[in-house]
Colleague: 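What follows is a structure written as structure tokens; I'll ask about it next.
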Amino acid sequence: MDLRNQLFIGGSWRPSSSGETFTTINPADRETLATVARAREQDVDVAVAAARAALSDPRWSQIGPPERGRVLNRIAGLLRERKEELARIESLDCGKPLNQARNDIEVSARYFEFYSGVADKLYGKTIPLAGQYLNYTLLEPIGVTAHITPWNFPLQIACRGIAPALAAGNTVVHKPAEQTPLTALLLGEISLEAGLPAGVLNVVTGFGNDAGARLTSHPHVNHITFTGSVETGRLVMKAAAENIVPVTLELGGKSPNIVLADAEFPSALKGVSTAVFANAGQICSAGTRLVVDSKLHKDFVQQLQKHARSLRIGPGLENPDLGPLISEEQHQRVQEYIKIGKQEGARLLTGGKVPDDPRLRQGLFMEPTLFDEVTPQMRIAQEEIFGPVLAILTFRDLEEALEIANGVSYGLVAGIWTRDIKKAHWLAARLQAGQVFINEYFAGGVETPFGGYKKSGFGREKGLEALVHYTQVKNVCVNIDLQADLETQQGKPQTQSGVTL
Ligand code: NAI
Ligand code: MG
């Protein structure tokens with residue numbers, strides 16, 4: 001494998017200033033996969049300075065929107081050209097099944113493709129005013145944007161923020177998660193090959209508490225895009241408050257799949273399973289609560305159990321249904337929640353263990369797990385587990401389904417399974433979630449706005465909505481009143497107008 005392992009700053013590769021490194025493992029066998037440079041505060045400072053200098057570098061600031069779009073489109077092309085290699089690296093570094101990793105790279109390319117088309121369409125407006133004025137808006141880049149990303153979709157989530165930031169003419173400093181730094185570095189390499197000027201994209205590999213914290217509190221950073229835990233999101237927001245810097249926060253969830261009694265059974269079953277077991281449940285928008293009509297409960301759960309037991313577990317490159325979890329920490333955390341679920345009195349239907357297959361012993365695997373008889377206040381029904389664990393709850397009427405679905409502190413997405421369009425839209429209108437899927441889960445790609453209600457965060461990524469975060473509006477007001485000039489010249493008295501603030 002052709003890996004990059006140094007920091008990518010100002011268009012060149014360099015070790016960290018202290019010479020420190022850290023390792024990233026393959027969670028399928030816990031073996032070291034690669035050693036990469038460990039950025040500390042001073043390396044972040046150098047990266048931010050490079051990004052700041054690139055903002056006013058004419059090679060970027062004067063490039064012109066069409067050419068900026070072309071560069072982004074070339075990045076998309078190169079990501080596709082190197083799809084297989086990138087997918088393998090992603091699969092090894094974070095454990096996900098190869099086909100899911102291939103999709104990640106395709107989506108990453110799509111982000112660049114989608115936003116490449118936007119670069120020359122960032123139109124302002126003209127605003128009609130009373131009197132003789134020309135009033136218009138300009139959409140300007142916001143400046144240096146910081147991107148702090150998690151380990152569950154390393155390249156996808158990076159590109160989700162970086163592509164729109166670049167399309168709008170900003171510059172970027174990206175700190176990927178310490179568990180999965182490899183594809184971010186290759187994006188650096190690709191960006192250079194695509195003709196992105198030096199310093200426009202910088203990648204610093206390192207940990208959260210020093211490199212990450214420095215990046216979020218740096219006075220020359222103008223916007224922060226963060227995806228990760230609520231706890232860290234809170235720290236990011238506090239750091240941003242010091243510098244009065246806007247943030248986009250995407251902080252996970254506890255998303256429900258509501259299955260009504262008239263649902264189309266096989267597709268609901270497939271949807272519910274994919275929603276919780278894709279990427280071994282390590283998805284911010286995973287459907288980790290099944291809220292099912294009590295009339296359907298027995299049959300549905302029986303089939304779901306059969307299905308969960310048939311899922312194949314293995315190393316990502318073997319393309320199983322479930323790969324390993326990302327880290328020792330997550331492995332422990334998920335097992336801890338399984339213990340909690342049992343203690344709370346939920347009924348463990350299947351899974352709940354580390355698989356005993358000796359072939360998997362070295363890896364961080366977990367069986368797909370179903371908990372039945374879960375009640376809304378249990379911790380396993382409230383807290384984000386981030387593993388292949390489904391909490392099953394039942395309801396008797398729509399009001400109750402809605403109350404359960406909304407009765408958590410998160411609100412990222414929600415699924416509804418029914419053939420009844422009135423009930424579907426009744427629920428969609430009342431669900432506290434940034435995205436609602438009807439007879440579907442995870443659909444919609446780079447084009448659809450995505451983000452949270454409540455503690456799932458705020459701001460919208462993806463789609464055209466994301467551009468709001470990466471542009472700032474300048475309003476220009478021009479007095480074009482020739483008549484007034486004439487009257488002033490003639491000494492006619494002028495009335496003072498009031499001030500509108
Ligand atoms: P985390 O939120 O601590 O890590 C995410 C990113 O933030 C990483 O790049 C990390 O280096 C960085 N970071 C950590 N501390 C920081 C700080 N003080 N300042 C700036 N950046 C910092 O998440 P972690 O520890 O990997 O996972 C813990 C839990 O978070 C998971 O079990 C899951 O519940 C949730 N999570 C949610 C994700 C989502 O997609 N919304 C993704 C990853 C984790
Ligand atoms: Mg790794």
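Because only heavy atoms are used, hydrogens play no part in the values below, and waters and symmetry mates are left out as well, while side chains stay in. Counting starts at 1 for both ligands and their atoms, in listed order.
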Colleague: Could you tabulate the donor-acceptor pairs under 3.5 Å formed by side-chain atoms of residues 269-282, not counting sequence neighbours?
Modeller:
residue : atom : partner : partner atom : Å
S273    : OG   : H307    : NE2          : 2.7
T274    : OG1  : K270    : O            : 2.9
N279    : ND2  : N152    : O            : 3.0
N279    : ND2  : Q282    : O            : 3.1
Q282    : OE1  : I326    : N            : 3.0
Q282    : NE2  : N279    : O            : 3.2

Colleague: Report, in ascending order of atom number, the atoms of ligand 1 lying under 4.0 Å from any heavy atom of K175.
Modeller: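 Result: 9 (O), 10 (C), 11 (O).
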Colleague: In plain terms, say whether E84 and R102 are close enough for a salt bridge, that is, a side-chain N and a carboxylate O under 4.0 Å apart.
Modeller: yes
Colleague: When only distance counts, is G206 in polar contact with ligand 1, meaning an N/O pair under 3.5 Å?
Modeller: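 No: no nitrogen or oxygen of G206 is under 3.5 Å from one in ligand 1.
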Colleague: Any nitrogen or oxygen of T149, main chain or side chain, under 3.5 Å from a nitrogen or oxygen of ligand 1?
Modeller: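 Checking ligand 1 against T149, an N or O pair does fall under 3.5 Å apart.
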Colleague: What do you reckon, does E329 have a nitrogen or oxygen under 3.5 Å from a nitrogen or oxygen of ligand 1?
Modeller: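 Min N/O separation from ligand 1 is not below 3.5 Å for E329.
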Colleague: How are the rings of Y111 and Y115 set relative to one another: parallel (under 30°), tilted (30 to 60°) or perpendicular (over 60°)?
Modeller: parallel
Colleague: Relative to ligand 1, is N152 under 4.0 angstrom through side chain, backbone, both or neither, heavy atoms considered?
Modeller: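 Only the side chain of N152 comes within reach of ligand 1.
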Colleague: I need the contact type for R333 against ligand 1. Using non-hydrogen atoms and a strict under-4.0 Å cut-off, is it side chain, backbone, both or neither?
Modeller: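 Looking at R333 and ligand 1, just side chain atoms fall under 4.0 Å.
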Colleague: Is any side-chain N of the basic residue among E106 and R80 closer than 4.0 Å to the acidic one's carboxylate O?
Modeller: yes
Colleague: As an exercise, identify every atom of ligand 1 less than 4.0 angstrom from a heavy atom of I148.
Modeller: 6 (C), 7 (O), 9 (O), 12 (C), 20 (C), 21 (N)
Colleague: Is it the side chain (CB and beyond), the backbone, both or neither of L251 that lies under 4.0 Å from ligand 1, heavy atoms counted?
Modeller: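 Near ligand 1, L251 shows its backbone, while the atoms from C-beta on stay back.
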Colleague: Could you tell me whether the side chain of L322 reaches within less than 4.5 Å of the side chain of R312, counting heavy atoms only?
Modeller: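 The answer is no, as the side chains (C-beta and beyond) never meet within the 4.5 Å cut-off.
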Colleague: Using a 4.0 Å cut-off to any heavy atom of F226, which atoms of ligand 1 qualify?
Modeller: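 Here the atoms of ligand 1 in question are 2 (O), 6 (C), 7 (O).
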Colleague: Would you give the length of the straight line joining atom OG of S191 to atom CG of L72, rounded to the nearest 0.5 angstrom?
Modeller: 10.0 Å
Colleague: Quick one: nearest non-hydrogen protein atom to atom 20 (C) of ligand 1, plus distance?
Modeller: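 Result for atom 20 (C) of ligand 1: G212 C, 3.3 Å.
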Colleague: List ligand 1 atoms under 4.0 Å from A177, heavy atoms only on the residue side.
Modeller: 9 (O)
Colleague: Less than 4.0 angstrom from a charged side-chain N to a carboxylate O is my criterion; do E41 and R214 meet it?
Modeller: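 A salt bridge is absent here (no side-chain N lies under 4.0 Å from a carboxylate O).
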Colleague: Counting non-hydrogen protein atoms only, what is the nearest one to atom 3 (O) of ligand 1? Give residue, atom name and distance.
Modeller: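 Scanning the protein heavy atoms, the shortest distance from atom 3 (O) of ligand 1 goes to T232 OG1, 2.9 Å.
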Colleague: Which of the atoms of ligand 1 are close to P150, meaning less than 4.0 Å from one of its heavy atoms?
Modeller: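 Contacts of ligand 1 toward P150, numbered from 1: 42 (C), 43 (C).
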Colleague: Report yes if some heavy atom in the side chain of R234 is under 4.5 Å from a heavy atom in the side chain of K455; otherwise report no.
Modeller: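 A side-chain contact under 4.5 Å exists here.
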Colleague: May I ask you to check whether Q362 and D29 show a side-chain donor-acceptor distance below 3.5 Å?
Modeller: no
Colleague: Side-chain contact, heavy-atom cut-off 4.5 Å: W13 with E189?
Modeller: yes
Colleague: Heavy-atom distances under 4.0 Å are what count here, so tell me which part of E178 touches ligand 1: side chain, backbone, both or neither.
Modeller: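 Under 4.0 Å from ligand 1, E178 contributes side-chain atoms alone.
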Colleague: Is there a donor-acceptor contact under 3.5 Å linking the side chains of Q305 and T350?
Modeller: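 No, no side-chain donor-acceptor pair sits under 3.5 Å.
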Colleague: With atoms numbered from 1 as shown, which atoms in ligand 1 lie under 4.0 angstrom from a non-hydrogen atom of L235?
Modeller: 18 (N)
Colleague: Looking only at protein heavy atoms, identify the closest one to atom 41 (N) of ligand 1 and say how far it is in Å.
Modeller: G252 N, 3.1 Å
Colleague: What part of F153, side chain, backbone, both or neither, has a heavy atom within less than 4.0 angstrom of ligand 1?
Modeller: neither
Colleague: Would the number of heavy atoms belonging to other residues, nucleotides or ligands and lying under 6.0 Å from CD of E329 be above 12?
Modeller: no
Colleague: In terms of atom number and element, which parts of ligand 1 are under 4.0 angstrom from non-hydrogen atoms of Q330?
Modeller: 27 (O), 28 (C), 31 (C), 32 (O)
Colleague: Considering all protein heavy atoms, does one lie under 4.0 Å from atom 25 (O) of ligand 1?
Modeller: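 Protein heavy atom within 4.0 Å of atom 25 (O) of ligand 1: absent.
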Colleague: Identify the protein heavy atom lying closest to atom 35 (C) of ligand 1, giving its residue, its atom name and the separation to 0.1 Å.
Modeller: E384 OE1, 3.6 Å
Colleague: Is the closest side-chain heavy-atom distance between L201 and L192 below 4.5 Å?
Modeller: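 Not touching, per the 4.5 Å side-chain cut-off.
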Colleague: For residues D93 and T24, determine if any side-chain heavy atom of one lies less than 4.5 Å from a side-chain heavy atom of the other.
Modeller: yes
Colleague: Please write down residue, atom name and distance for the protein heavy atom closest to atom 44 (C) of ligand 1.
Modeller: F386 CE2, 3.8 Å
Colleague: I need the atoms of ligand 1 closer than 4.0 Å to a non-hydrogen atom of T227, numbered in the order shown.
Modeller: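 Near T227, the atoms of ligand 1 are 5 (C), 39 (C), 40 (O), 41 (N).
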Colleague: Relative to atom 39 (C) of ligand 1, which among G208, C284, S229 owns the nearest non-hydrogen atom?
Modeller: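 Considering heavy atoms of G208, C284, S229, the nearest to atom 39 (C) of ligand 1 sits in C284.
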